Amino acid sequence: MRVDRFLSNLPCFNRQQVRLLLAEKRVRIDGVVTSNPHSEVREFSRVEIDNDVLQLGKPLRHFMLHKPVGCVSATKDPQHPTVLDLINEPDKDDLHIAGRLDFNTTGLMIITNDGSWSRRLTQPRTKLPKVYYVETEQDIGPEYADTFREGLYFAFEDLTTQPAVLELLGPKSARLSIVEGRYHQVKRMFGHFNNKVTRLHRERMGPLVLDAALKPGEYRALDSHEIGLI
Ligand code: URA
């Protein structure tokens, strides 16, 4: 059914109010804002206005996976195994990845069908730190931390990266905390100094920490406390 009809059928809104709600971008279907009156509401779609849930939709699911090297952060790939191949759950087509990792990057990956929750986790506006353990080919110089804190200009996107925090752990290893997830961001930041990243592992996304009990390739459902943190 069209979303405008779905909303007008409810006792609380007339047609003009529905038009306004859509125009003000207050309506979300499966976590995605829509202003299009023709958007489709299905039996299992979740429909929300502001913080009110009008139709529950499918049960929300949230998983943390320890991504191993050698699999792609995609739901489908013609050549390589994907992170979804590691998940043994029904209705996998509903799931999406919150914050991709490169083929050889390991660590915390969140997989969910909860669109608004995952957006809060990944959007730069919420400034949740994503924390990476990094190893590099060359020594990490003392000037890196200042440069990362000041931000680096990424010509392709025409933007300057948000302040990032670098903690040196050894001559060629560090912990880096960034609040965005630009394409190959960490590698490009070290690439600024012509220093190749040889190992990259995501330890944390905001308050969600990779469970040390999970071996590479293993996953578990988030508990209600973890879900409530975002
Ligand atoms: N930055 C990168 O360069 N690669 C990742 O996988 C994650 C962050």
Side-chain angles (χ1 to χ4, degrees), residues 63-77 79-87 95-112 118-141 143-145 147-170 172-211 214-219 230:
F63 303 103
M64 83 161 56
L65 166 78
H66 186 162
K67 180 191 174 296
V69 288
C71 72
V72 286
S73 294
T75 47
K76 287 193 178 69
D77 189 274
Q79 278 183 332
H80 301 288
T82 73
V83 288
L84 275 197
D85 293 333
L86 300 167
I87 303 271
L95 298 171
H96 64 268
I97 296 157
R100 291 164 188 272
L101 292 175
D102 295 338
F103 189 66
N104 284 326
T105 302
T106 58
L108 177 63
M109 171 145 276
I110 299 295
I111 295 171
T112 180
S118 67
R119 248 187 309 286
R120 287 199 295 282
L121 181 65
T122 53
Q123 67 190 357
R125 199 150 46 94
T126 52
K127 293 208 178 354
L128 289 178
K130 284 80 186 172
V131 180
Y132 292 87
Y133 170 77
V134 189
E135 288 180 7
T136 55
E137 207 164 72
Q138 320 289 332
D139 284 3
I140 300 170
E143 71 280 23
Y144 285 36
T147 306
F148 290 174
R149 191 179 324 109
E150 282 157 20
L152 278 167
Y153 179 66
F154 281 2
F156 183 72
E157 295 94 337
D158 188 25
L159 56 81
T160 300
T161 55
Q162 301 269 327
V165 179
L166 184 75
E167 179 198 349
L168 269 181
L169 301 173
K172 294 182 175 135
S173 61
R175 182 163 286 120
L176 178 67
S177 177
I178 58 176
V179 295
E180 327 151 85
R182 306 284 168 203
Y183 181 65
H184 292 331
Q185 178 158 346
V186 176
K187 290 176 186 161
R188 289 162 78 192
M189 289 172 75
F190 282 88
H192 172 80
F193 296 102
N194 289 321
N195 197 353
K196 190 173 171 203
V197 170
T198 53
R199 182 164 175 227
L200 188 56
H201 176 82
R202 184 158 63 197
E203 300 176 334
R204 190 154 75 80
M205 295 176 78
L208 302 175
V209 181
L210 179 63
D211 188 332
L214 292 176
K215 300 195 186 79
E218 292 183 345
Y219 76 98
I230 305 302

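In each ligand, atom 1 is the first atom listed, and ligand 1 is the first ligand listed. Every value quoted in this text rests on a predicted model; they were computed, and no experiment measured them.
- Around atom OH of Y183, no more than 12 heavy atoms belonging to other residues, nucleotides or ligands sit under 6.0 Å away.
- Neither the backbone nor the side chain of V197 has a heavy atom within less than 4.0 Å of ligand 1.
- Around the OH atom of Y153, the shell of radius 6.0 Å holds more than 12 heavy atoms that belong to other residues, nucleotides or ligands.
- Nearest approach of V179 to Q162, heavy atoms of both residues: CG2-CB, 3.5 Å.
- Close to ligand 1: Y132, with a non-hydrogen atom less than 4.0 angstrom away.
- In this structure, of H201, H184, K67, the residue bringing a heavy atom nearest to atom 3 (O) of ligand 1 is H184.
- The backbone N or O of V72 sits nowhere less than 3.5 Å from a side-chain atom of K67 that would complete a donor-acceptor pair.
- Among all protein heavy atoms, the one lying closest to atom 4 (N) of ligand 1 is D102 OD2, 2.7 Å.
- In terms of polar-atom proximity, defined here as any N/O pair under 3.5 Å, V186 does make such a contact with ligand 1.
- Side chain of K130 to backbone of L128: a donor-acceptor contact under 3.5 angstrom is found.
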